[in-house]
There are 2 protein chains.
Amino acid sequence: MAAQRSRRRIPEATVARLPVYLRILGEQFEIGVANISSEELAELAGVNAAKVRKDLSYLGSYGTRGVGYDVEFLVYQIRRELGLTHDWPVVIVGAGNLGQALAGYNGFGDRGFPVGGIVDIDDSKVGSVVGGVRVRHLDEIKQVVQARNISIGVIATPGAAAQDAADSLVAAGVTSILNFTPTVINVPHGISVGKVDLAVELQILAYHEQRRANAAQGSVMQSLSGLLIPGESRRGASA
Amino acid sequence: MAAQRSRRRIPEATVARLPVYLRILGEQFEIGVANISSEELAELAGVNAAKVRKDLSYLGSYGTRGVGYDVEFLVYQIRRELGLTHDWPVVIVGAGNLGQALAGYNGFGDRGFPVGGIVDIDDSKVGSVVGGVRVRHLDEIKQVVQARNISIGVIATPGAAAQDAADSLVAAGVTSILNFTPTVINVPHGISVGKVDLAVELQILAYHEQRRANAAQGSVMQSLSGLLIPGESRRGASA
DNA sequence: AAACGTTTGTGCACGTTTTCACAAAGCCAG
DNA sequence: CTGGCTTTGTGAAAACGTGCACAAACGTTT
């Protein structure tokens, strides 16, 4: 049967964890671990073992009862499911502080997302080389995208320019966008959008800090209202 | 009554959205908008209006029926609830590519998280200045943290050094950590951890891309198995 | 002061995600 | 080849998050 691909739809929450498993499994394979149980993998990923098993079960029944999972095979299966069997070059819009940092950050290329192009609207930046790639003008984005068959774009402009950048990316034929600005962007139906807002992550931490501070002095103050602030939370992956 | 603070516990999903509302409300206030309805705010934030109202209801009943919310007052309330009434200086561990980029990125300081210190284990980096702050040695982290009363640490080291960095941060007295490495770190109970893995976000997008690709050619192939791949998803905020 | 249009705050139903718990399945020893 | 130990895969329950729908509350107009 040719029908091995695209089985049942994988829940979004699981999709967000598969990359974490993938990374851990890769590391384990490197150091010679050939087999791993859901319990061990869960420990390393910082999650519940049952969750690991259910997540992996969406890929198919690739474990062996009483034994565990073959690390190498599992790596292959996750890569296949996530579409990581080949590289996905990305185009970065914005060659400012953040754009340069992303271009120079090896973590992208190392994990299958080489920088296939950088564009900026500012002529004074065009022509310079960051991360080994020459900056081109925003007007040339379509050529850049098509020449290397790029389908993922990264927005690293100032917030005010984010929507324009998104529009340019869509017009150039990109179908997935990772937005590093704090601005919410609108895109046509059918385009996937991911968002990373560095300040938001810090603000969430600030909330927990402030809560801790209140709780500390609260043990006395709160006794009046009868409220009691419980233990502490933990936060996991990016999402 | 003195008991105005720390009412019922706010759901994590709501905490993750409050910074988005905060940013939008700030912008609206800047351009002279004094009042806003849940409908308008929802539109700008790209979410459902009922969700906005429910989120805001955790802060208290600060809206006026038939009118909407007072923008300035709402900004104040969200800032208070998130603990953003004062700055939270952060210490960055790792002055490499990523650490330098973060230190130079204005988005941190602008939103209340000034870089209070940068440390690195590599002597050759110590003494250089990035983002206006002089890099100090990892051994001095405790002095850096205590001198400026820092409670938030940012890990921007290579993945292999992440756990050491976390240990150093905890030992220095930091109680919240934002981890930019792909490595899962273990911390004592009571320490909050946030994680941003740039590659994971791209891998999630790759999954959607690959799914789209399969669906495109699948219309013929899948007719055999009777499977049909539905429309398309959308992804929102960071976490 | 009543009638009207608007918008909040929230009960309820629904969908998704997590966790529990255990039968089925494999390996190994004797 | 039987019995015991281990670990998977998955139903079912619980917890959580989302969106609808509507009563209650407010301002305005007559």
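Throughout, protein chains are lettered first and strands after them, A, B, ... in sequence-line order, and every chain is numbered starting at 1. Worth saying up front: this structure is predicted, and the values here are computed from it rather than measured.
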Next on the checklist: As a test of reading the structure: which of C:dT18, D:dT18, C:dT17 is closest to the side chain of A:Pro11, going by heavy atoms?
Outcome noted: C:dT17
Checklist entry - Whole-Å distance between C:dT16 P and A:Glu12 CD? => result 12 Å
Checklist outcome for this item: Separation of D:dT8 atom C1' from A:Gln77 atom CD, nearest Å, is 16 Å
Next on the checklist: In this structure, how many angstroms lie between the P atom of C:dT8 and the CG atom of B:Asp70, rounded?
Outcome noted: 13 Å
Checklist entry - When you check the side-chain N and O atoms of A:Glu209 and B:Thr175, is any donor under 3.5 Å from an acceptor? => result yes
Checklist entry - Counting only side-chain N and O atoms of A:Ser38, is one of them less than 4.0 Å from OP1 or OP2 of D:dT7? => result no
Item to check | Atom pair distance, as rounded to whole Å: OH in A:Tyr62 and P in C:dG26 | outcome: 16 Å
Next on the checklist: If I take atom CG in residue B:Asp55 and atom P in nucleotide C:dG9, what distance separates them, rounded to the nearest angstrom?
Outcome noted: 12 Å
Next on the checklist: For B:Glu27, is the CD atom crowded, meaning more than 12 foreign heavy atoms sit under 6.0 Å from it?
Outcome noted: yes
Checklist entry - What is the distance from CD of A:Glu40 to P of D:dT7, rounded to the nearest Å? => result 8 Å
Checklist outcome for this item: Residue set satisfying ring pair (Phe, Tyr, Trp, His ring centres under 6.0 Å) with B:Phe73, at least two apart, ordered chain then number -> B:Tyr62
Checklist entry - In whole Å, what is the span from the OH atom of B:Tyr58 to the P atom of D:dC16? => result 11 Å
Checklist entry - What is the distance, rounded to the nearest whole Å, between atom CD1 of A:Ile36 and atom C1' of D:dT7? => result 13 Å
Checklist entry - Just by distance, do the side chain of A:Asp167 and the backbone of A:Ala171 share a donor-acceptor pair under 3.5 Å? => result no
Checklist entry - Between C:dG9, C:dT18, D:dT18, which one does the side chain of B:Tyr69 approach most closely? => result C:dG9
Item to check | Residue closer to the 5' end of DNA chain D, B:Thr14 versus A:Glu39 (nearest nucleotide) | outcome: A:Glu39
Next on the checklist: Regarding A:Arg212 and B:Ser151, do their side chains bring together a donor and an acceptor under 3.5 Å, going by distance alone?
Outcome noted: no
Checklist entry - Parallel under 30°, tilted from 30 to 60°, perpendicular over 60°: which one fits the rings of A:Tyr105 and A:Phe108? => result perpendicular
Next on the checklist: The test is side chain to side chain contact (heavy atoms under 4.5 Å, CB included); show your working for A:Leu22 and A:Leu84 and say whether it passes.
Outcome noted: CA-CA 11 Å; A:Leu22 178 58; A:Leu84 301 176; 3.6 Å; yes
What's touching nucleotides 19-25 of chain D from the protein side, N or O pairs under 3.5 Å?
from   : atom 1 : to      : atom 2 : distance (Å)
D:dG19 : OP2    : B:Lys51 : NZ     : 3.3
D:dG19 : O6     : B:Lys54 : NZ     : 2.6
D:dC20 : OP2    : B:Asn48 : ND2    : 3.3
D:dA21 : N6     : B:Arg53 : NH2    : 3.3
D:dA24 : N3     : B:Arg65 : NH1    : 2.8

